[in-house]
There are 2 protein chains.
Amino acid sequence: MFQIFKAHLDKFITISEEEFVAISRFFEAKSVKKKENLLEEGQHCKSNYFVSKGLLRKFFINEKGVEQTTQFAIENWWMTDDFAYEHQLKTAFYIQTVEDTDLLHIRKDRQSRLLEEHPLMEKYFRCIYQRAYAATQMRIKFLYDFSREELYHHFCRSQPQFLQRVPQYLIASYLGITPEYLSEIRKRNVS
Amino acid sequence: MFQIFKAHLDKFITISEEEFVAISRFFEAKSVKKKENLLEEGQHCKSNYFVSKGLLRKFFINEKGVEQTTQFAIENWWMTDDFAYEHQLKTAFYIQTVEDTDLLHIRKDRQSRLLEEHPLMEKYFRCIYQRAYAATQMRIKFLYDFSREELYHHFCRSQPQFLQRVPQYLIASYLGITPEYLSEIRKRNVS
DNA sequence: CGGTCTCTTGACGGAGTTCAAAGCTAGTGG
DNA sequence: CCACTAGCTTTGAACTCCGTCAAGAGACCG
């Protein structure tokens, strides 16, 4: 798992083998079976998760009791409830494995120390957050611009890797529509 | 304008007066009248804008010719089309002043040099992007969780400062509803 | 005061939800 | 390796939120 993380770091910063060893001590590795919760509503959000292999989703449960998926994370992406993580608050989200998943995670206090002791990691995380922020802003644009049906087609075009790996009812949940309506959209486009 | 920026930097990093002077050379100051465009669709997105005083909005024009506002920026917030800025692409957005506005801006190539020559600024921007990303994720949660009517009430509660400063049709545009429907919601809650 | 923005009102229509029920698929245990 | 079951997907009818269109009433600015 650490080699995958090293390869990812190398895309953003230049780092010696020794410094990487020192850095990796801040992280813990973990393997989790499909459909287990890493985080649950009401808990304090202690960790930031990096996916080496597998697939996570983040969701919350609305007042009707329906799960709303707001995000997926595949290989080389970070996931946490950033707001609760930053301020060390209780979260309103669940983070759940969609497949068997290998991940690294780091706790908030250790991430702070990591950044103090290895200022190079400031650059790494600046790049990561900048990229994530830009992607999220484009996502908001699409949410405003597209009808639910168009969102689905756009999702199929731009994220085809998920179609193989994620069941339909989770895609519906991510698009903010009911499984029934997604089924209707798909039918419309086959015929 | 630079004092306001200095006060903002001080919240995130500790910096000497001399280094601040060196850093401020990377920025340009600008004052812009109400309702002028800083960025227009199809242009290359060259600058990142910091609001010292005033109010900006970012919007795009959908296929029906309607302006969709995706973001406001008040004092001490940064605004640009982050995706186009990062990759130096043509933008699909407009950035427009809502009030007379004083701002600082920095060009992409200069921001890269700033970060190389003043690594402390990596930390500053890491904090800025982290906070912005966390806020945007909560916003996405609300977009999934709330009906348009609830979005309006939530907006009134959590961002009352805008109600004074922004005309109703722009609030409607930001909430993703028509001015007509916003008018109906407001009527419903007065009576 | 005259004209252009902005906000309100009401009738109608359509995208997407809700509810209920039936068909399908995949994992599990025997 | 088959049978059973729970979870996933599809169907259809009734309903609701919100958009569209058209028109009028204020409000602001030269």
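The sequence lines fix the lettering, A, B, ..., with proteins before strands; numbering per chain opens at 1. Treat the numbers as computed from the prediction; the structure is a model and nothing was measured.
- Distance from the side chain of Lys187(A) is smallest for dG12(D) among the nucleotides dT9(D), dG12(D), dT10(D).
- Counting to the nearest Å, the C1' atom of dC17(D) and the CG atom of Leu175(B) are 15 Å from each other.
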Checking Tyr174(A) against Phe72(A) for the ring pair (Phe, Tyr, Trp, His ring centres under 6.0 Å) test, could you report, in this order, the C-alpha distance in whole Å, the side-chain angles of both residues, the deciding distance, and whether it holds? CA-CA 8 Å; Tyr174(A) 176 74; Phe72(A) 292 115; 5.1 Å; yes
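- In this structure, Lys34(A) reaches neither bases nor backbone, as no heavy-atom distance under 4.0 Å exists between it and the strands shown.
- Across all strands, Ile177(B) comes closer than 4.0 Å only to sugar-phosphate atoms, never to a base (heavy-atom distances).
- Nucleic acid contact for Tyr181(A): base, since at least one base atom lies under 4.0 Å from a heavy atom of the residue.
- Distance from the side chain of Tyr169(A) is smallest to dC8(D) among dC8(D), dC19(C), dA22(D).
- Salt-bridge formation is detected for the pair Glu28(B)/Arg107(B): a Lys NZ or Arg NE/NH1/NH2 atom is positioned less than 4.0 Å from an Asp or Glu carboxylate oxygen.
- Each of Leu170(A) and Phe146(B) has a nearest nucleotide on DNA chain D; the 5'-most of these lies closest to Leu170(A).
- Rounding to the nearest 0.5 Å places CZ of Phe12(B) at 11.0 Å from CZ of Phe125(B).
- Between Glu99(B) and Arg165(B) there is a salt bridge, since a side-chain N of the basic residue sits under 4.0 Å from a carboxylate O of the acidic one.
- The residue Glu180(B) sits close to a base: some heavy atom pair falls under 4.0 Å.
- The side chain of Thr178(A) lies closest to dT17(C) when the candidates are dG19(D), dC19(C), dT17(C).
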